[in-house]
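In what follows, a structure is listed as structure tokens, so that the remarks can point back to it.
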Amino acid sequence: MALWSGRFEQGVDSFTQEFGASLNVDKAMYKQDIAGSLAHARMLAAQGIISAEDAEQIAAGLSKIENAIDAGDFVFDINDEDVHMAIERALIEDIGDAGARLHTGRSRNDQVATDTRLYVKERIASLIAANHALRQVLLEKAEQHFDVIMPGYTHLQPAQPVLFAHHLLAYFWMLTRDYARLSQAYLAADVCPLGSAALAGTSYPLNREMTAQELGFAAVSLNSLDGVSDRDYLLDLTYACSVSMMHLSRLCEELILWSSAEFGFITLADSFSTGSSIMPQKKNPDFAELIRGKTGRVAGSLVALLMVMKALPLAYNKDMQEDKEGTFDAAKTLEDSFICMSGMIATMQVNSEAMGASVKKGFLAATDVADYLAAKGMPFRQAHEVVGNLVLTCEKRACSLEDLTLEDFQAASELFEADIMDCLTPSAVVGARTTFGGTAPEAVATQLKEAKRLLAAL
Ligand code: ARG
């Protein structure tokens with residue numbers, strides 16, 4: 001019999017019982033549920049709503065249940081519907097009337113909202129730690145390979161050379177924004193709805209400040225209807241996870257390209273690669289592909305939750321039971337992906353010679369040659385045309401800009417002088433980009449310093 005069976009003449013059909021249950025998902029929140037019940041019972045006693053002895057019995061009973069669940073000795077019964085009912089049932093079975101007084105002035109509606117907020121606050125704290133660790137790895141890798149130059153791309157066509165460190169740090173900044181989004185989701189979750197009861201508050205003289213404080217919440221929700229039906233904090237979290245997975249998927253895509261035979265820019269460690277069951281020579285970047293693939297599922301969870309919440313009238317609706325599975329999965333997937341990515345980056349080998357060879361192809365100094373002419377007074381559009389023609393000459397001769405002679409340059413424009421030859425090397429091109437935020441070593445060093453300062457401040 002369910003704990004709400006009083007007004008029913010028949011039990012629920014066994015199929016619908018299981019269909020309506022959320023136990024398999026929400027039992028993950030048993031610690032939060034117990035903490036919430038403990039705080040509620042203590043507050044009820046402090047307010048004189050239940051006796052101190054009842055509160056003590058409840059506390060002892062809950063701690064027994066927690067130990068049993070920790071030890072794997074607790075029998076969850078799908079007929080309990082959810083973790084709240086499972087724990088309350090076990091408590092009443094154990095301590096009787098005192099246990100049956102726990103639900104005074106409380107509803108599962110404010111209970112589940114409280115549990116979920118507590119649970120995601122913990123998940124977000126570990127996500128932030130994993131995000132921090134990955135940013136640390138990116139920083140270290142950037143520092144270790146500070147002098148490596150690679151081709152930078154637009155449209156995946158060679159564009160201009162950049163420092164490999166500059167490229168890695170671009171991901172550092174994406175992940176720093178992800179950190180900000182995760183922190184925002186944490187703030188959104190850090191409000192206690194306990195005491196909202198089913199929807200309208202309760203006639204018992206609850207002390208909501210007391211429970212919120214005991215549970216470590218920063219604030220108490222101001223409207224009981226909103227308290228039980230707000231799921232914005234879960235949307236904030238799934239959004240933060242989705243954006244962060246999208247960022248990881250972009251990095252994955254680059255690792256996959258870079259580790260291909262065609263690029264050869266990096267070699268992933270054996271421990272982060274897999275083989276083929278048929279092709280003996282294969283070494284596949286499976287884990288980068290997998291993170292890229294999981295991005296779809298996480299983004300799906302965001303859309304799913306938006307659709308669950310769309311057009312729901314106030315206050316609690318059973319639809320909202322569908323809020324946890326995707327959100328918890330998104331958080332777990334992102335955390336695992338952060339950990340996997342950290343390992344992959346930390347252990348990968350950086351093949352600077354392959355990058356160096358690639359930088360020599362693709363006329364990456366072309367913009368600088370045009371800039372050279374523009375600096376000597378030729379309008380940039382005209383300079384662009386002149387250099388375009390030089391590139392065409394190189395293509396016809398199957399050579400690079402560096403292979404052209406001074407005479408070749410001067411045939412294209414008399415503004416060229418001997419010093420043009422110094423502008424053509426990858427390190428000259430990189431070194432010229434001293435703009436704040438640019439790829440010149442001194443600009444990247446400034447960036448690196450700021451990144452380090454930020455991480456250390458956390
Ligand atoms: N299992 C429910 C959920 O996850 C708990 C709240 C149920 N409340 C109710 N009135 N049926 O949303």
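Read the numbers this way: they start at 1 and go in the same order the structure lists the ligands and their atoms.
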List every atom of ligand 1 that sits less than 4.0 Å from any heavy atom of [X], numbering the atoms from 1 in the order shown and giving each element.
| X | answer |
| --- | --- |
| D82 | 1 (N), 2 (C), 5 (C) |
| V112 | 3 (C), 4 (O), 5 (C), 6 (C) |
| S22 | 1 (N) |

Cation-pi check, R250 onto Y171 ring (under 6.0 Å, within 45° of axis): no
Quiz item: cation-pi between R117 and F217, 6.0 Å / 45°: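 Not flagged: R117 not positioned over aromatic ring of F217.
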Spacing of L102 atom CG and L62 atom CG [to the nearest 0.5 Å]: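 If I round to the nearest 0.5 Å, the distance is 6.5 Å.
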Any N or O on [X] sitting closer than 3.5 Å to an N or O of ligand 1?
| X | answer |
| --- | --- |
| H84 | no |
| K318 | no |
| Y316 | yes |

Parallel, tilted or perpendicular, as decided by the 30° and 60° cut-offs, for the rings of F328 and Y119: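 Taking F328 first and then Y119, their aromatic rings sit tilted (interplane angle of 30° to 60°).
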Whether W258 and F265 hold their rings parallel, tilted or perpendicular, with breakpoints at 30° and 60°: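 Correct class here is tilted.
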Which residue and heavy atom of the protein sit nearest [atom], plus the separation:
| atom | value |
| --- | --- |
| atom 10 (N) of ligand 1 | N109 OD1, 3.1 Å |
| atom 11 (N) of ligand 1 | R108 NH2, 3.5 Å |
| atom 2 (C) of ligand 1 | Q321 OE1, 3.3 Å |

Modelled atom types, side-chain donor and acceptor of Y30 and D70, under 3.5 Å: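 There is such a pair between these side chains.
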No-hydrogen, no-angle side-chain donor-acceptor test under 3.5 Å, R101 and S51: no
Ligand 1-proximal atoms of K324, by part, heavy-atom distance under 4.0 Å: side chain
